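Just so we're on the same page: letters track the sequence lines, and every chain starts at 1. Everything numeric here is computed off the predicted structure, so don't read it as measured data.
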Amino acid sequence: MVESEDTGTEELGTERVHRDIKSMVRKLSDNQWEIPIGHIPNMRVPGRLFVSENLLGGIDPDTIDQIANVATLPGIQKYSMAMPDAHLGYGFAIGGVAAFDAEEGVISPGGVGFDINCGVRLIRTNLQKEEVVPKIKTLVDELFKNVPSGVGSKSRFRASDRELDSAFLEGAKWAVEAGYGVKADVEHCEGNGCLEGADLSHVSTKARARGKPQIGTLGSGNHFLEVQYVDKIYDREAASAFGLEEGQVTVMVHCGSRGAGHQICTDHLKELSQAVKKYGIEIPDKQLACAPAQSREAQNYFKAMLCAANYAWANRQMITHWTRESFEKVFSRDADDMGMSLLYDVAHNVAKLEEHNIDGRKKEVYVHRKGATRAFPAGHPEVPAAYRDVGQPVLIPGSMGTPSFILCGAKEAMDVSFGSACHGAGRIMSRVQAKKEFQGQSIKDDLEAQGITVRATHPSVIAEEAPGVYKSSSEVVNVVHELGIARKVARVIPIGVAKG
DNA sequence: ATGTGC
C-alpha cells in the first residue's frame, strides 16, 4: 500500500486508508453540510459544518469526527456546529459552536479552549494611510517596545494582589478606572468587558502567580498587534455607524488571557476529568471532559473561566493604552486628537449563558464558542447603542500578510448558529511543518516588499505564522456573509505588525 | 494557546 501524506488518511494496522470527506457529510445547501447521526455511535443531534465546497476539501476528516464527538454530549441543542475556519483542536474543533441546555446539559473546558477569552479588538484612528506609511517602521518599533510580547513576557505594569483580583473580577472596567483608557472603551466591548459571576475562590494560587506579571502583554503564536488601513467598504451604512472609511488607519489587537487562562483551564480539566466518571457521562474522547451544567464542578470551572475572560479584557485594555501612547510619541499628537477610539472588542473563546429561541421556545443555554465570534444582529439588547440599528461588530483577523475583515452580526445568525460566526482564517499547517516549509527571514522580506513591516521576537515566529499556513480569510468570510449570519462591512490591509 | 514534555 502506498503511503500518503494527505490529511485524509488514517492508520489502520500498517496500512493507511483514505477517508473521503465528501462521503462523511451530506450537502444541505451551498454552504451547509450535515454530519448525520450515526457518523459515530451515540450522537444526540447531527453535526453541521458551514463551509463552501472548495473549503470542504481542506477540512481534516479528524475535524469531522470532533464535530460528531461533541454531538454525543448530554443536553446539546439543535446540532454540533463548526465554522468555515474549522480545524483540529483539543477535544472540540477550533471554529466549533455548541449550545447545551442550562439544566440538562454540560459545561466543558474543551469547548472554550486553553486561551480563555482569546479575542480581537479594533481601534479606530482619523489618520490616513499616507500619513502613517512613512513612519511605519518607527511606529512598529515603538509598539513592539511598549507592548511586551513573546512566551513568558512580563508586563510593564506591576500588579498588586488587589489589582490582580480586580482584573479577574472587573476586566476592562478596572483597567479604565486605573487610568488605562476611557469610559467609552468599556461600552464598546462585548459584555462591557466584564462578565458577571466571576469567583476568585476557584482560581488557583498557580494561576494567580502566572497571571500577576502578565496583565498588558501580547503573548505569542498567532497573537499580534497590527497597524492597518481600510481599503474597501462593502456596506456604506454599517461602515458609517462603525466610523470607518476608505484610507483610514486602524489598529487590531489579537490576544487572550495568557498564562492565567491557560492555568485555569488546566486546573479545571483535572477536576472535570474526575467529574465525568463521578456523574457517569459517556464521552468518546477524554479531551471532552465535562460535568452537568448545574454541578458544583461545572459551576466552579465556569466561575473561574469568567475570571480568565475578565483578565483578558483587562489585558487588551492595557495594550490599548500603550498603543495610544505609542501613536502619541510617533505623531506628537494626543490620542483623542487622532480619533483613537475603540470600535469594538470580541471574545472568540468563551462559554456564555444566553437565551435562545429553540423550536419556537425561549431557552437558557450555555453557548460554547471556541474559535467562533458572537454575531448578534441589529436590535439585540447586547449590541451597543451606537451600533444597535446595524448589528454587533464582528472582527475577523486574517494572517500576517492577508486582509482582515469587519462584519456585522446579521439576522440569520440567531436561527442558524446561536448568534455566531467565524473567528479568523483558520490554520491549515502545523507549526512544526511551517518551520520546515518557510524561513522567517525570507517571509519577512516578502512581506516588506508588499509594504508590510514585521517585527517579531524571533524569525521562527514569522515562519510559524506565514500567510501560507492559513486558509484564505476572504474565502472564510464569504461563507458567513453568504449564509447571512454576518455581513461584510469593510476590509483592512496590514502595513505594520508586532508579534510575539 | 502555553514558564511550547512528565
Length of the NE2-C1' vector between A:H268 and B:dT2, whole Å: 17 Å

For the backbone of A:G47 and the side chain of A:S80, can you confirm whether one donor and one acceptor N or O come within less than 3.5 Å of each other? no

Parallel, tilted or perpendicular: ring planes of A:H368 versus A:F92, cut at 30 and 60 degrees: parallel

Taking atom C1' of B:dT2 as reference, at what distance in whole Å does atom CG of A:D115 sit? 9 Å

Determine, using ring centers only, whether A:Y366 and A:F100 are less than 6.0 Å apart. no

With a 4.0 Å cut-off on heavy atoms, is A:G256 in touch with a base, just the backbone sugar-phosphate, or nothing at all? nothing

Looking for any heavy atom pair under 4.0 Å, which part of the strands does A:S220 touch: base, sugar-phosphate only, or nothing? sugar-phosphate

Quick one: A:K270 NZ to B:dC6 C1', roughly how many Å, whole number? 11 Å

Distance, rounded to the nearest Å, where A:E465 contributes CD and B:dT4 contributes P: 18 Å

Between A:Q263 (CD) and B:dT2 (C1'), how many Å, whole number? 10 Å

Rounded interatomic separation in angstrom, taking OH from A:Y90 and P from B:dG5: 16 Å

Take A:E325 and A:H321, measure what side chain to side chain donor-acceptor pair (under 3.5 Å) needs, and give me the verdict at the end. CA-CA 6 Å; A:E325 283 193 349; A:H321 178 74; 3.1 Å; yes

Just call it for A:Q214: base, sugar-phosphate, or nothing, with non-hydrogen atoms closer than 4.0 Å on any strand. sugar-phosphate

Base, sugar-phosphate or nothing for A:K154? Non-hydrogen atoms, less than 4.0 Å. nothing

In whole Å, I'd like the distance from the CG atom of A:N349 to the P atom of B:dT2. 11 Å

Looking at B:dT4, I'd like to know if its phosphate oxygens (OP1 or OP2) sit under 4.0 Å from a side-chain N or O belonging to A:R431. no

